[in-house]
Protein chains: 2
Amino acid sequence: MIIRIDTVSTTPIYVQLRNEIVKGIGRGELSEGECLPTVRQLAADLGVNSMTVSKAYQTLKAEGFIETDRRRGAVVRAGVQSGAQPDERYREKLEGELELLSAEAKIKGFGREEFIHLCSMAFAGMEG
Amino acid sequence: MIIRIDTVSTTPIYVQLRNEIVKGIGRGELSEGECLPTVRQLAADLGVNSMTVSKAYQTLKAEGFIETDRRRGAVVRAGVQSGAQPDERYREKLEGELELLSAEAKIKGFGREEFIHLCSMAFAGMEG
DNA sequence: TTATTTGTATAATATCATATAATACAAATA
DNA sequence: TATTTGTATTATATGATATTATACAAATAA
């Protein structure tokens, strides 16, 4: 998977990295159990510091998206999430962000159908 | 409209303020043409600095959500947005954010129907 | 064993964003 | 004239961000 970083953006690099990897997992470009590049390798590829990559991995780990194994490195977490009970904390976070997006879209002139269409298209872009 | 600020949050106060006002406009609690509190008044109510409120207002102004009038102060921008051509820049921003939310939701185990339902409910919470 | 690689920890440093404080200005109103 | 509006400026303090350098435990490969 190719990751691009915008060094001009106000979004911290480690957040950009975290977001790109999450989207890669969502799209299926990164499969469950697949190893991510090592922090040093990815840092070298992107021209950033290895601690910045490490911070992105730690964020992903804390959020349950990956696990770190001393033997294999960083690994995409297997389908624990697809099963079991939905994460209530995440649900509230998602609802809050959708509320803000809905308000912005509404004010910007988007109708309900158009908004839902965009949501549907975005989700369709994910694996499965 | 009542605005609450979380001083512990990592989200900057001026961003929280901006978000709350956007949601207030979206819900219809703040009508087009309605005056917002003065920067000093809102700052006093919230116990923050007036420049922090000013920064939130400037952000809202730059995004086209409000206008500032020396006579009336900060005013919710009238329906320029509901008409005219959709803002292409905003559309891309929206699509990008929906892509990330979709990826997270997908990984967290949400199905298409559930995700769309949440989007629909969020938009339904907006005026109109 | 030894050498290497893994993620991680630590410390020092630099830069920028954030927030506050105090003061001041032009424009408009009462 | 006095007041209020948003805004500008300057100074200051704090925290987030990013880099650099070094080091560690754990596991693998030689």
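Throughout, protein chains are lettered first and strands after them, A, B, ... in sequence-line order, and every chain is numbered starting at 1.
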Does NZ or CZ of A:K108 lie under 6.0 Å from the centre of the six-membered ring of A:F115, at an angle within 45° of the ring axis?
no
Measuring to OP1 and OP2 of C:dA17, would you say a side-chain N or O of B:K55 lies under 4.0 angstrom away?
no
Expressed in angstrom and rounded to an integer, what is the separation of B:R40 atom CZ from C:dA21 atom C1'?
13 Å
Taking the side chain as every heavy atom from C-beta outward, state whether B:R77 and B:I66 have any atom pair closer than 4.5 Å.
no
What I'd like to find out is whether the side chain of A:I21 reaches to under 4.5 Å of the side chain of A:Y57, using heavy atoms alone.
yes
B:R18 with A:E104: basic N within carboxylate O range, under 4.0 Å
yes
By the Watson-Crick or G-U definition, both distances under 3.5 Å, C:dA28 is matched with D:dT3
OP1 or OP2 of D:dT17 versus the side-chain N and O atoms of A:Y14: is any pair under 4.0 Å?
yes
At less than 4.0 Å, is any side-chain N or O atom of A:T68 found next to OP1 or OP2 of C:dT6? Yes or no.
no
Side-chain N,O (B:K61) to OP1/OP2 (D:dT7) below 4.0 Å:
yes
Whole angstroms only, please: what is the CG-C1' distance between B:N49 and D:dG6?
14 Å
Quick one: on DNA chain D, does B:P37 or A:I13 contact a more 5' nucleotide (nearest heavy atom)?
B:P37
Does A:T38 have a side-chain nitrogen or oxygen under 4.0 Å from the phosphate oxygens OP1 or OP2 of C:dT6?
yes
Between B:T52 and C:dA19, does any side-chain N or O lie under 4.0 Å from OP1 or OP2?
no
Find which nucleotide of DNA chain D each of A:D69 and A:S50 is nearest to by heavy atoms, and output the residue with the more 5' nucleotide.
A:S50
Of the candidates C:dA21, C:dG7, D:dT19, the side chain of A:V39 sits closest to C:dG7
Without decimals, in angstroms, what is the distance between B:M51 CE and D:dT7 C1'?
7 Å
